[in-house]
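These figures come from a predicted structure and were not determined experimentally. Note on naming: letters A, B, ... go to the chains in the order of the sequence lines (proteins, then strands), and numbering restarts at 1 for each one.
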There are 2 protein chains.
Amino acid sequence: MTKTPAKSWQAIQAEVTRRINTRIWPPGEMLPNEIDLAVEFGCARTTVNRALQALADKGVLERRRKAGTRVALNPVRKVVLSIPIIREEIEQSGAGYGYQLINAQKLPAPPAICDALQTPAGTKAYSVKALHLAGGKPFVFEERWVNILSVPTIQTADLAKMSANEWLVQNAPFSRGTLSFSAIIADEALAKHLTCPVGSALFCLERGTWNGEQSITRARLYYGPGYKMETSI
Amino acid sequence: MTKTPAKSWQAIQAEVTRRINTRIWPPGEMLPNEIDLAVEFGCARTTVNRALQALADKGVLERRRKAGTRVALNPVRKVVLSIPIIREEIEQSGAGYGYQLINAQKLPAPPAICDALQTPAGTKAYSVKALHLAGGKPFVFEERWVNILSVPTIQTADLAKMSANEWLVQNAPFSRGTLSFSAIIADEALAKHLTCPVGSALFCLERGTWNGEQSITRARLYYGPGYKMETSI
DNA sequence: CCGAATTTGTCCGTATGTATA
DNA sequence: TTATACATACGGACAAATTCG
């Protein structure tokens with residue numbers, strides 16, 4: 001019988017995690033039901049429930065009514081990734097943050113963008129290109145298209161003073177979005193903006209946002225060579 | 001006055017989200033305290049608490065005792081990313097999954113690996129190289145080092161039948177890990193394994209795991225050119 | 001610097017709803 | 001259909017953190 005150090009749902013979470021890690025409950029194993037665990041830990045069932053639910057949210061446990069709770073066969077599935085705010089990320093590294101608008105203009109959007117923004121082919125959209133600098137050196141090149149049907153007022157915003165991202169956060173709500181990561185080769189334009197060799201491998205973060213069915217914007221952030229996005233499990 | 005459709009913490013979560021999205025509560029705005037919200041929604045404070053806590057977990061709200069609850073200034077900070085199990089990802093795309101062990105042997109680990117595995121420089125470690133195939137074509141090249149001081153038994157495992165990842169999941173528990181994403185240029189070796197041109201940009205996922213203070217393994221997964229890791233917000 | 005007031009965090013015990021084997 | 005196990009709710013209570021005077 002294991003000593004029960006428990007108190008508070010976080011302690012229970014820790015103890016359950018320990019048992020999983022030490023294979024007392026190996027992958028696929030069924031756990032005792034909440035009532036039994038509550039008795040063992042000497043707490044209310046609601047407290048056990050809270051702990052197990054949190055672990056299920058993390059993907060460590062799988063729970064189904066009537067079927068019970070089991071240790072997930074494939075752990076490490078869900079990770080909470082904190083998307084760094086570029087400015088904060090740079091300032092935390094100790095370097096000074098700089099922002100530089102390259103250009104902002106209404107342009108006929110390329111087909112791929114019209115598709116992404118769900119506007120008819122050939123529609124004009126607002127193109128914004130900007131650079132985020134760390135210690136005066138290029139850190140991220142931002143390439144953004146804004147749907148002027150959804151957010152017409154962006155055309156009058158002074159994007160030299162406030163980044164498009166900040167402006168949108170304050171002026172254009174969104175309800176959902178997509179996020180993707182990929183690797184891309186630096187072409188001449190990218191290499192010039194980031195002052196890196198043509199052919200470098202760049203980490204690319206692409207984000208699209210919608211408000212209901214209306215598309216708002218689609219942005220690509222190209223990080224300089226060698227960038228790593230890190231998180232812990 | 002808004003109609004309160006509330007019932008269940010999820011409904012409250014939805015209503016709060018709606019108010020944030022429609023700028024009834026813009027970024028930075030303070031929310032009423034839990035008690036007042038409970039009165040407005042006609043439910044118990046614990047129910048409100050659950051809803052707001054869930055939103056705080058998502059990074060939508062920021063909460064502090066006594067200070068209260070406010071809408072986060074920078075939304076979209078925390079994202080739950082589901083790291084796809086390679087086999088599942090391939091099978092879901094409709095292609096057949098294949099696994100191919102390239103080699104597995106005890107080798108003196110390069111300094112960077114010894115550093116990552118926290119073993120003395122020049123220590124031997126177990127090197128595993130393998131390929132995951134989708135529809136018979138290379139999809140991911142896996143390059144792994146396993147700490148044989150922590151997991152000596154891996155040397156007797158038949159890694160041609162079971163992938164190192166699967167074997168470790170079943171045989172070597174870990175308590176914490178790191179995860180990073182980056183972009184890398186395909187050198188000749190990588191290009192050969194993935195049958196892609198030298199100089200391609202590859203998406204690279206790097207994972208390190210520990211059990212307490214003991215390092216277990218460090219793996220790099222190189223995805224073929226054009227791969228995108230996607231998620232939604 | 002300290003105490004008081006406020007707000008969230010967590011707990012308990014109970015009750016009822018709901019999916020499912 | 002029924003029994004089981006999880007999901008959620010309620011209200012009361014106290015703890016902990018932090019702001020503010």
Engineer: I want to verify a distance call: between dG11(D), dA7(D), dC12(C), whose nearest atom is closest to the Q53(A) side chain?
Structural biologist: dA7(D)
Engineer: Please confirm whether the backbone N or O of W167(A) pairs with a side-chain atom of N171(A), one donor and one acceptor, at under 3.5 Å?
Structural biologist: yes
Engineer: Mark yes or no for a side-chain to base donor-acceptor pair under 3.5 Å between R65(B) and dT18(D), with no hydrogen or angle criteria applied.
Structural biologist: no
Engineer: Return the orientation label for the F203(B) and Y227(B) ring planes: parallel under 30°, perpendicular over 60°, tilted otherwise.
Structural biologist: tilted
Engineer: Closest-nucleotide mapping onto DNA chain C: is A67(A) or T47(A) further toward the 5' terminus? I mean the 5' end.
Structural biologist: T47(A)
Engineer: Rounded to the nearest Å, what distance is computed from the CG atom of residue L52(B) to the P atom of nucleotide dT10(C)?
Structural biologist: 13 Å
Engineer: Whole-Å distance between dT4(D) P and D36(A) CG?
Structural biologist: 13 Å
Engineer: In this structure, which one of R87(B), E142(B), Q100(B) forms a side chain to side chain donor-acceptor pair (under 3.5 Å) with H132(B)?
Structural biologist: E142(B)
Engineer: Return the 5'-most residue of the pair A44(A), K66(A) with respect to DNA chain C, ranking by each residue's nearest nucleotide.
Structural biologist: A44(A)
Engineer: Of the nucleotides dT10(C), dT8(C), dC6(D), which has the atom closest to the R63(A) side chain?
Structural biologist: dC6(D)
Engineer: OP1 or OP2 of dA5(D) sitting under 4.0 Å from any side-chain N/O of T69(A)?
Structural biologist: no
Engineer: Using whole Å, report how far CG of N49(B) lies from P of dC12(C).
Structural biologist: 15 Å
Engineer: Need to verify one output field. Residue with the more 5' nearest nucleotide on DNA chain D, G68(A) or T46(A)?
Structural biologist: G68(A)
Engineer: Which nucleotide, dT8(D), dT18(C), dT7(C), lies nearest any side-chain atom of R45(A)?
Structural biologist: dT8(D)
Engineer: Using the side-chain heavy atoms of E34(A), tell me which of these nucleotides is nearest: dA7(D), dT8(D), dT7(C).
Structural biologist: dA7(D)
Engineer: Which whole-number value in Å describes the distance from R50(B) CZ to dG9(C) P?
Structural biologist: 13 Å
Engineer: I12(B) CD1 to dA7(D) C1': how many Å, rounded?
Structural biologist: 15 Å
Engineer: Could you give the CH2-to-P distance, from W9(A) to dG13(C), as a whole number of Å?
Structural biologist: 19 Å
Engineer: Quick check: closest heavy atoms across F174(B) and N21(A), and the distance to 0.1 Å?
Structural biologist: O-OD1, 2.8 Å
Engineer: Within the distance-only criterion (no hydrogens, no angle test), does the side chain of R70(B) pair as donor or acceptor with the backbone N or O of G28(B) below 3.5 angstrom?
Structural biologist: yes
